Novice: 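Take this structure first; my questions come after.
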Amino acid sequence: MNGLSRADSLMDQLLLRSCDSYRQLATFPTYVIFFCQFDYYGRGWARYRFEDREIIDPLMTAHNGQHSVIFNATATDHRRAGALAPFLDLMAGNVNNKDKFIAQIQAEIKSIKTNQEKWLENMLYELKMQERFDAGEEQGLNTERNRTVQKFIAWSRQRGADQATVVTDLAELYGISKQEAQRYYDQAQLTDSH
């Protein structure tokens, strides 16, 4: 099953519930439109149109309302594309700013690019601000943690706990290594001596 058939199948699934008849598809005419910068079918046409037909008798259609239209921007002759020929020219890199539709598209592209640049500038600014906030918050958390640890160490020593017990309790209480708990303990000793 090629990509185009998969798209049709997915749309059927979205339109029908499990208990619905496939005949209901005809009440939902669907169009799958592809704009390609390559010639999927290799005939050089600007537009290919498909609907479900019986293989032996192509005059018989499935009457399911499904249509696939594939536009090929690489076609040398865009007349088969009808009113979308200037758009295919644009896709191929041949801009005709005299066409109103193309001028509108070009203005929209410019607006989107400008907005993307502004959006990117804002995102970068917000990321920098978040980094600063996170750094400050981390510093604040560390300061608060230091105060709490200092109080815990002072309280433990007042209760008569020895250094090894305080370090072990500190490591368990804060989920830190014994080496880090020892650093906190040593820092508390230095603070007390001043």
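Given the structure is predicted, the values throughout are model-derived calculations rather than measurements.
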Novice: What are the two closest heavy atoms between N72 and L88, and how far apart are they?
Specialist: O-CD1, 4.0 Å
Novice: Under the side chain to side chain contact (heavy atoms under 4.5 Å, CB included) criterion, do Y41 and I70 qualify, and how do the steps go?
Specialist: CA-CA 9 Å; Y41 296 100; I70 297 89; 4.1 Å; yes
Novice: Is the count of non-hydrogen atoms from other residues, nucleotides or ligands lying under 6.0 Å from R49 atom CZ greater than 12?
Specialist: no
Novice: Determine, step by step, whether H78 and R47 satisfy the side chain to side chain contact (heavy atoms under 4.5 Å, CB included) criterion, reporting the C-alpha distance in whole Å, the side-chain angles of both residues, the deciding distance to 0.1 Å, and the verdict.
Specialist: CA-CA 8 Å; H78 289 159; R47 178 179 62 188; over 6 Å; no
Novice: Taking all heavy atoms of H67 and all of E51, pick out the closest pair and write down the distance.
Specialist: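 Taking H67 first and E51 second, the nearest heavy atoms are CE1-OE1, 3.2 Å.
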Novice: Report yes if the distance between the aromatic ring centroids of Y48 and F71 is under 6.0 Å, otherwise no.
Specialist: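 For Y48 and F71, the ring centres are not under 6.0 Å apart.
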Novice: Rounded at 0.5 Å granularity, tell me how far CD1 in I56 sits from CD in E54.
Specialist: 5.5 Å
Novice: Please evaluate residues D39 and W45 with respect to the criterion side chain to side chain contact (heavy atoms under 4.5 Å, CB included), reporting the C-alpha separation (whole Å), side-chain torsions for both, the decisive distance (0.1 Å), and the verdict.
Specialist: CA-CA 8 Å; D39 190 354; W45 298 354; over 6 Å; no
Novice: So does E180 pair up with K178, basic N to acidic O under 4.0 Å?
Specialist: no
Novice: To the nearest 0.5 Å, what is the distance between CD1 on I55 and CE on M60?
Specialist: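 Atom-to-atom, I55:CD1 and M60:CE are 12.0 Å apart.
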Novice: Between L84 and F35, does the side chain to side chain contact (heavy atoms under 4.5 Å, CB included) criterion hold? Intermediate values first, please.
Specialist: CA-CA 10 Å; L84 287 177; F35 290 94; 4.0 Å; yes
Novice: Taking all non-hydrogen atoms of both residues, which atom of V166 and which atom of Y185 are closest, and how far apart?
Specialist: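 Looking at all heavy atoms of both residues, the shortest contact is CG1-CD1, 3.7 Å.
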Novice: Can you confirm whether D89 sits close enough to V95 that some side-chain heavy atom of one is under 4.5 Å from a side-chain heavy atom of the other?
Specialist: no
Novice: Locate the shortest heavy-atom distance separating A75 from G44; write the atom from each residue and the value.
Specialist: CB-O, 3.4 Å
Novice: Taking all non-hydrogen atoms of both residues, which atom of M91 and which atom of A73 are closest, and how far apart?
Specialist: CB-CB, 3.7 Å
Novice: Could you measure the distance from the OG1 atom of T168 to the CD atom of Q163? Nearest 0.5 Å is fine.
Specialist: 10.0 Å
Novice: Might you point out which heavy atoms bring D99 and F101 nearest each other, and give the distance in Å?
Specialist: OD1-N, 2.9 Å
